[in-house]
Every structure is written in structure tokens, then in C-alpha cells.
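These notes are about the structure you will find just below.
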Amino acid sequence: MATRDSLIVLLLFLLIGCRPATPPPVPSADPIQTTDGPGNGATSSPATPTTVPDQVEEIRNAQYQLGTAEGSQVVQLTDGTFEQGTPGAEDFISVQVTEFVTIGDLDADGTEEAAALISENYGGTGVFVFLAVFSQVDGTWTFQTSSMVDDRPELRELSIANNEIFLDAVIHGADEPMCCPTLRTMRHYRFVDNLLDMIDYTTFTPDGQPRTITIESPANGAEVFTTVPIKGKVAIAPFENNLVYRIVDLSGIELSAGPIAVTAPDLGAPGTFDAIIPLGNNLSGAIIRIEVQDISAADGSLLAMDSVELVVK
């Protein structure tokens with residue numbers, strides 16, 4: 001009997017020793033990405049949950065028009081997500097509102113709009129990211145328009161300031177594997193007549209130098225007649241010192257295009273341009289946008305762009 005009691009006591013000690021002294025730790029919350037202005041793209045892990053602004057929560061539960069689907073299909077988001085079908089099925093759709101959502105006045109009317117980066121997947125490897133704009137209609141956040149950013153880009157920052165959307169994203173260069181984008185881009189958009197217009201565009205060289213174009217004159221909104229004297233500068237001179245201008249209407253239709261010569265002391269050095277762009281007489285009364293672009297001679301991709309909106313008298 002004494003031996004049996006001793007064995008029972010020993011077994012109890014062993015069982016007690018196998019229990020954890022304290023409960024296992026609870027995994028920490030996911031990092032929160034701030035997107036309220038340039039330079040605020042760092043992640044942090046707050047000790048307490050971060051409250052999601054009401055506007056952002058409403059957008060995560062708004063209707064959204066698919067950017068890649070045919071027929072302008074509209075889906076209902078729920079907690080930032082929409083899914084249809086099963087992966088591999090022909091009708092599969094997965095939509096996700098990313099953490100990049102920002103609020104601000106885009107049309108200078110005193111009311112706020114929202115910009116959000118939203119991804120779409122249709123069962124394959126492609127994850128197509130769109131910049132979407134929502135505005136208040138009868139008290140409800142309502143989808144207005146969108147513009148594609150890239151397939152599987154690396155998103156860095158989204159913000160609204162001075163009635164413009166700023167986007168910093170790493171996208172795929174020409175002939176780059178889809179797994180691994182390396183081309184950093186910065187661009188601004190304006191929201192005009194329920195459309196998104198990209199008004200400037202900057203890429204970076206492999207060593208991190210920004211490739212920018214700056215139109216110094218005429219000023220945005222200036223009145224012009226049959227010609228436009230245009231002056232500006234480039235941070236990096238283009239191939240063979242040639243830029244391209246495009247004249248487009250407010251719907252983005254190209255009206256004319258041509259070359260602009262750059263003066264630079266050396267290949268790839270900073271340079272300037274000073275040209276006269278003919279408009280002709282058929283644009284009287286129109287509002288136009290002139291874009292000055294640096295186009296890659298190797299693959300035809302856009303390397304840099306600046307634009308100005310003008311009124312033709």
C-alpha cells in the first residue's frame with residue numbers, strides 16, 4: 001500500500017510539472033499603415049487597437065465598379081472584401097480594399113472625397129490594383145471612377161493635398177518578371193468631371209535619381225491663342241535630347257503631338273527646353289491639357305511627364 005501511495009504522489013508531481021506556468025502569449029495586432037500625407041508611410045504596431053475613421057469604414061462597405069471586368073460590373077463590398085465563386089472557377093472574383101485609403105477635398109468644393117487602392121483577382125496570378133475615387137452622393141459614399149496602377153505593384157504611399165492625389169508605388173518595368181517590380185514611380189492625379197487625370201509622373205534611375213520634367217510656363221489655367229510658348233526643365237536629359245508633347249482634351253483624347261528639343265551640357269545631365277507649340281484655329285473656346293513627356297527609346301514606356309491645363313481663346 002505504501003508503495004502504491006508513493007507512486008500516486010510521484011505521478012501527481014509529474015503532472016503538475018507539465019502544466020505551463022503562464023498562458024501562452026496572444027499574437028500582436030497587424031501593423032497599421034498610415035497614409036495621411038507624404039512621408040507618413042511607415043508601419044507601427046500600436047499597443048491598443050487603432051480606431052478606423054467612419055468614412056473609411058463606410059468606403060470598405062460601399063459599392064465598387066470592377067476595373068478589369070467587362071460590362072462595368074458593380075459589386076457590394078463587405079468589410080473591404082467581395083468574393084464570388086471558388087478559386088479556379090470561371091466566374092471567380094476576389095476584390096480587396098487595401099490599407100491605403102485617404103480622405104480629402106479633390107474638387108475644391110469644400111466637401112471631401114476619398115481615394116482608395118483596391119485589388120482585383122480573377123483566379124490567376126494577376127492581382128490588378130486600381131486607384132478608385134468615391135464621393136458623397138445623398139449622404140452615401142459612392143464610387144466615381146478608377147485608374148489602373150499595375151499588376152502586383154509595391155504600394156508605398158497614398159495621400160491627398162492641394163486638391164490632388166499623390167501616389168508612390170513601385171511598378172514593373174519593361175520585361176521585368178511579375179514577381180518582382182523594381183521601377184519606383186511617383187505621380188499626382190486630379191479629379192475632374194468625375195474622371196482621374198494623371199498630371200505628372202516621375203520615375204527613378206537604378207541609382208535612385210528622380211527623372212522629372214517641370215513646365216515653368218505657361219501657368220496652369222492660362223489663356224492661349226493659336227500657339228503656346230512653353231518653357232521648362234528636366235532633371236535628366238532624355239535620349240538624343242528629345243521630349244514629346246501631346247495636346248489632349250479633357251476626356252483624354254489626343255488632338256496633336258510633336259517633338260520638343262532639350263538643351264543639355266552632356267548626356268543625362270539636367271537640361272532646359274523652350275519651344276512654341278502650334279494649336280491652329282480649330283481649338284478656339286476649348287480647354288486643353290499639354291503634356292510634355294520623356295518616352296523610353298528602348299521600349300516606349302513613359303519615364304517622366306508634366307502637364308498644364310490651358311484655355312484656348
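- In this structure, the side chain of E120 engages the main chain of G67 through a donor-acceptor pair within 3.5 Å.
- Hydrophobic cluster membership of L255, counting Ile, Leu, Val, Met, Phe, Trp and Tyr whose side-chain heavy atoms lie under 4.5 Å apart directly or via other members: I213, I215, V224, V228, I230, V234, L243, Y245, I247, I260, V262, F273, I277, L279, L283, I288, I290, V292, V308, L310, V312.
- No donor-acceptor distance shorter than 3.5 angstrom exists from the side chain of R156 to the backbone of M186, with no hydrogens or angles considered.
- A donor-acceptor pair under 3.5 Å is absent between the side-chain atoms of D193 and the main chain of L195, judged by distance alone.
- In this structure, Q55 contributes its side chain and A114 its backbone to no donor-acceptor pair below 3.5 Å.
- Looking at H172, its side chain does come within 3.5 Å of a backbone N or O of D151 through a donor-acceptor pair.
- With N242 contributing its side chain and P238 its backbone, the two residues share no donor-acceptor pair below 3.5 Å.
- Of the possible donor and acceptor atoms, one in the side chain of Q84 sits under 3.5 Å from a partner among the backbone N and O of D91.
- A single hydrophobic cluster is not seen to contain both V192 and I165; linkage of ILVMFWY side chains at heavy-atom distances under 4.5 Å, directly or through other members, places them apart.
- Closest non-hydrogen pair, R187 versus Y201, comes out as NH2-CE1, 3.6 Å.
- Under a 3.5 Å cut-off, the side chain of T185 and the backbone N or O of A169 do form a donor-acceptor pair.
- Salt bridge annotation for R289-E309: absent, with no cationic side-chain nitrogen under 4.0 angstrom from a carboxylate oxygen.
- No chain of hydrophobic side-chain contacts below 4.5 Å, direct or via other Ile, Leu, Val, Met, Phe, Trp or Tyr residues, connects L303 to I199.
- Although no hydrogens or angles enter the test, the distance criterion places no donor-acceptor pair under 3.5 Å between the side chain of E164 and the main chain of H188.
- With sequence neighbours excluded, the residues forming a side-chain hydrogen bond (donor to acceptor under 3.5 Å, both in side chains) with T111 are D109, listed by chain and number.
- Between E291 and R246 a salt bridge is recorded (basic side-chain N to carboxylate O distance below 4.0 Å).
- In this structure, V127 is not a member of the same hydrophobic cluster as F92, with clusters built from ILVMFWY side-chain heavy atoms closer than 4.5 Å.
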